[in-house]
Amino acid sequence: MNFYRGRRLRQSTVMRDFCRETPPLLREELIMPYFVVETENRSYRKEIASMPGQYQLSLDELEKDVARDVENGLVSAMLYGIPAAKDAQATSAWSEDGIAQQAVRRLKKSFPNLLVITDVCLCEYMSHGHCGILTEHGLILNDETLPILAKTAISLAEAGADILAPSDMMDGRIRTIREALDHAGYASLPIMSYAAKYASSFYGPFRDAAESAPACGDRKSYQMDVGNSREALREIKADIAEGADMIIVKPASSYGDIIALAKSNTLVPVCAYQVSGEYSMIMAAAQKGWINGQAVMLESLNGLKRAGADILVSYFTSRILKDGLAR
Ligand code: PBG
Ligand code: ZN
C-alpha cells in the first residue's frame with residue numbers, strides 16, 4: 001500500500017534537521033537597534049516601559065551595551081538618536097555634532113568592524129514629531145523635506161555610517177539621497193530603504209522609546225495603508241529604480257505576504273523589521289507565563305526567514321547572541 005507518509009521525515013531530531021528548509025539563524029543576518037540619548041548625564045540608562053529589556057542610553061552606556069553584544073558576536077547595529085532639542089526644521093538631525101552623528105563616530109572608533117546602520121528620518125528631531133516639513137495646516141511638504149533628508153544623510157555619511165536607512169516614506173527621497181551622496185563622494189555607501197513601510201499600530205512602543213509620536217494627526221499620508229500589497233511592490237520598485245541597494249518590509253510578522261512578494265519580485269536583499277510592538281507583545285505574554293518566550297521569539301524570526309527575509313532587524317538580537325541561539 002503506497003501513500004504519502006510525511007511522518008517518515010519527522011521521526012527524529014536528526015531527520016528533521018536534515019530535511020529542514022529554513023536554516024537556524026546566523027548572526028550575520030541580525031541587526032540590533034539601539035536608542036541613544038543626547039544628555040549631560042554620562043551614565044544615563046532608562047528602561048523603556050513598553051519595551052522591557054530595551055533602554056534609552058547615553059553615549060557611554062551605548063558603548064558598553066554594544067561592547068557586550070560585539071563580544072557575543074554582534075555584526076550590525078541600527079542607531080536611533082534622541083536629541084536634547086527639537087525644532088520645526090529638524091536641525092539636530094543633520095548637525096555635525098548631532099547625537100546620531102556622535103554615536104556613529106564613537107561606535108566606529110571603538111568597533112571598526114561593526115556595521116553601523118543609521119535610520120535617516122526627521123520625526124525624532126521635529127518638534128511636531130512628523131517625518132517631514134509641516135505646514136501650519138498640518139500638511140506635509142514632500143519636496144521641501146527632501147533636501148533636509150539629503151543633508152541628514154550626508155552628515156551621517158561624514159560621521160562614518162556604513163549603511164543609511166531612510167524611513168520617512170517621502171516620494172523621491174532615495175533618488176535625492178543617492179544623488180547627494182554620490183555628489184559628496186560617498187558613491188560606495190549603501191542605502192537600505194524602508195520601502196514598504198506601513199502606517200502601523202505596531203510602532204506604539206517605539207514612539208515611547210524614541211519620543212517621536214506625532215503631536216497631531218497620524219502618518220497615514222506618507223506611510224502605507226495596511227490593506228495594500230500591490231502598492232508595496234510599487235514602492236519597492238520605485239525605491240530600487242531610484243538607487244536603493246536593499247529594501248525593508250516593516251512591520252514583519254503580519255506582513256509575511258509582503259516579504260514573500262518582495263523576495264520573488266526583486267533581486268536585492270530583503271530585510272524584515274520585527275518592530276517594537278511585535279517585540280513587546282511577545283515579551284508581555286512571556287512575562288505573564290502565557291507563552292514560552294524563547295520558543296515564540298525563535299518561531300517568529302523563523303517565520304520571517306521562511307517568508308523570504310535575508311536580513312532581520314529585531315530587538316531580540318542581543319538576547320539571541322547572548323544565549324548562543326545564532327550561529
Ligand atoms: C521613524 C521610525 C519608526 C520606526 C522606525 N523608524 C516609527 C514611526 O514611523 O513612527 C518604528 C520602529 C519600531 O516600531 O520598532 N520613522
Ligand atoms: Zn520618521
Side-chain angles (χ1 to χ4, degrees), residues 31 33-38 59 62 76-112 114-127 129-134 140-195 197 210 212 222 238-248 268 271 313:
I31 302 172
Y34 300 89
F35 299 99
V36 55
V37 186
E38 187 171 20
L59 284 165
L62 170 73
S76 64
M78 171 86 91
L79 290 180
Y80 292 101
I82 304 164
K86 309 187 187 215
D87 59 35
Q89 297 296 321
T91 313
S92 48
W94 42 270
S95 84
E96 196 190 326
D97 60 351
I99 183 61
Q101 288 79 356
Q102 289 187 55
V104 172
R105 284 197 187 90
R106 179 79 83 95
L107 293 186
K108 287 309 293 182
K109 183 154 180 253
S110 303
F111 316 102
L114 181 71
L115 276 181
V116 175
I117 309 172
T118 55
D119 188 68
V120 179
C121 202
L122 307 178
C123 50
E124 296 113 280
Y125 307 91
M126 286 287 201
S127 39
H130 277 288
C131 307
I133 298 280
L134 201 66
I140 301 286
L141 295 176
N142 190 95
D143 295 9
E144 284 77 351
T145 302
L146 299 180
I148 306 185
L149 288 167
K151 263 201 285 198
T152 304
I154 299 287
S155 78
L156 291 165
E158 283 168 351
D162 295 299
I163 300 174
L164 300 183
S167 71
D168 52 285
M169 289 296 280
M170 295 300 125
D171 295 326
R173 74 220 210 268
I174 301 302
R175 190 175 86 161
T176 305
I177 291 172
R178 182 74 270 161
E179 280 176 4
L181 289 173
D182 292 359
H183 196 252
Y186 297 103
S188 301
L189 186 60
I191 296 178
M192 186 185 222
S193 165
Y194 289 80
K197 180 174 181 183
S212 65
Y222 41 105
D239 282 6
I240 293 172
E242 289 180 29
D245 302 286
M246 301 173 255
I247 57 106
I248 304 179
V268 298
C271 173
V313 183

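Across Ser76 and Ile117, no two heavy atoms sit closer than the pair CB-CD1, 4.3 Å. Closest of all the heavy-atom pairs between Ala157 and Leu181 is CB-CD2, 4.0 Å. Residues Gly160 and Val104 come closest through the heavy atom pair C-CG1, 3.5 Å. Closest of all the heavy-atom pairs between Ala180 and Ile154 is O-CD1, 3.3 Å. Closest non-hydrogen pair, Ala103 versus Leu59, comes out as CA-CD2, 3.5 Å. Counting all heavy atoms, side chain and backbone alike, Ile177 lies closest to Pro166 at CD1-CG, 3.8 Å.
Between the side chain of Lys197 and the backbone N or O of Ser167 there is at least one donor-acceptor pair closer than 3.5 Å.
More than 12 heavy atoms of other residues, nucleotides or ligands lie within 6.0 Å of CZ in Arg105, so this atom counts as buried by the packing criterion.
Considering only heavy atoms from C-beta on, Cys131 stays 4.5 Å or farther from Met169 through its side chain. Within the 4.5 Å cutoff, the side chain of Leu62 has heavy atoms near those of the Leu107 side chain. Residues Cys271 and Val313 are in side-chain contact: their nearest non-hydrogen atoms beyond the backbone lie under 4.5 Å apart. Residues Met170 and Leu146 form a side-chain contact, since some pair of their non-hydrogen atoms from C-beta on lies under 4.5 Å apart. Taking the side chain as every heavy atom from C-beta outward, Thr176 and Leu149 never approach each other to under 4.5 Å. The shortest distance between side-chain heavy atoms of Ile248 and Ser193 does not fall below 4.5 Å.
In this structure, OG1 in Thr145 is found 9.0 Å from CG in Leu134, a value given to the nearest 0.5 Å. For the atom pair CE of Met192 and CE of Met246, the computed distance is 5.0 Å after rounding to the nearest 0.5 Å. Taken from OH in Tyr186 to CD1 in Ile191, the straight-line distance is 13.5 Å, to the nearest 0.5 Å. A distance of 4.5 Å separates CG in Leu164 from OG1 in Thr118, rounded to the nearest 0.5 Å.
Residues forming a side chain to side chain donor-acceptor pair (under 3.5 Å) with Arg106 (at least two apart in sequence, or on another chain): Asp60, Glu63. Listed by chain and residue number, nothing satisfies the side chain to side chain donor-acceptor pair (under 3.5 Å) test with Ser127 (two or more places apart in sequence, or in another chain). The side chain to side chain donor-acceptor pair (under 3.5 Å) check on Ser95 picks up Asp97, with sequence neighbours excluded. Taking Asp182 as the reference, Arg178 meet the salt bridge (Lys or Arg N to Asp or Glu O under 4.0 Å) condition, with sequence neighbours excluded. Every residue was checked against the side chain to side chain donor-acceptor pair (under 3.5 Å) condition with Tyr125, not counting sequence neighbours, and none meets it. Under the rule for a side chain to side chain contact (heavy atoms under 4.5 Å, CB included), the partners of Ser212 that lie at least two apart in sequence or sit in another chain are Cys123, Glu124, Phe206, Arg207, Ala210, Arg219. Residues that satisfy the side chain to side chain contact (heavy atoms under 4.5 Å, CB included) test with Asp87, not counting sequence neighbours, are Gln89, Thr91.
Each salt bridge (charged side-chain N to carboxylate O under 4.0 Å, His left out) pair with one or both residues in residues 161-173, not counting sequence neighbours, appears once here: Lys108-Asp162, Asp168-Arg173, Arg173-Asp239. Residue pairs meeting the side-chain hydrogen bond (donor to acceptor under 3.5 Å, both in side chains) criterion with at least one member in residues 149-160, sequence neighbours excluded, are Gln101-Ser155.
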Given Ile99 and Val37, is the side-chain contact (heavy atoms from CB on, under 4.5 Å) satisfied, shown in steps?
-> CA-CA 7 Å; Ile99 183 61; Val37 186; 5.9 Å; no
Would His130 and Leu122 satisfy side-chain contact (heavy atoms from CB on, under 4.5 Å), going step by step from the backbone distance to the final call?
-> CA-CA 7 Å; His130 277 288; Leu122 307 178; over 6 Å; no
Contacts under 3.5 angstrom, residues 77-84 side chains, donor-acceptor by atom type, not counting sequence neighbours:
residue: Tyr80; atom: OH; partner: Tyr194; partner atom: OH; Å: 2.7
residue: Tyr80; atom: OH; partner: Tyr273; partner atom: OH; Å: 2.9

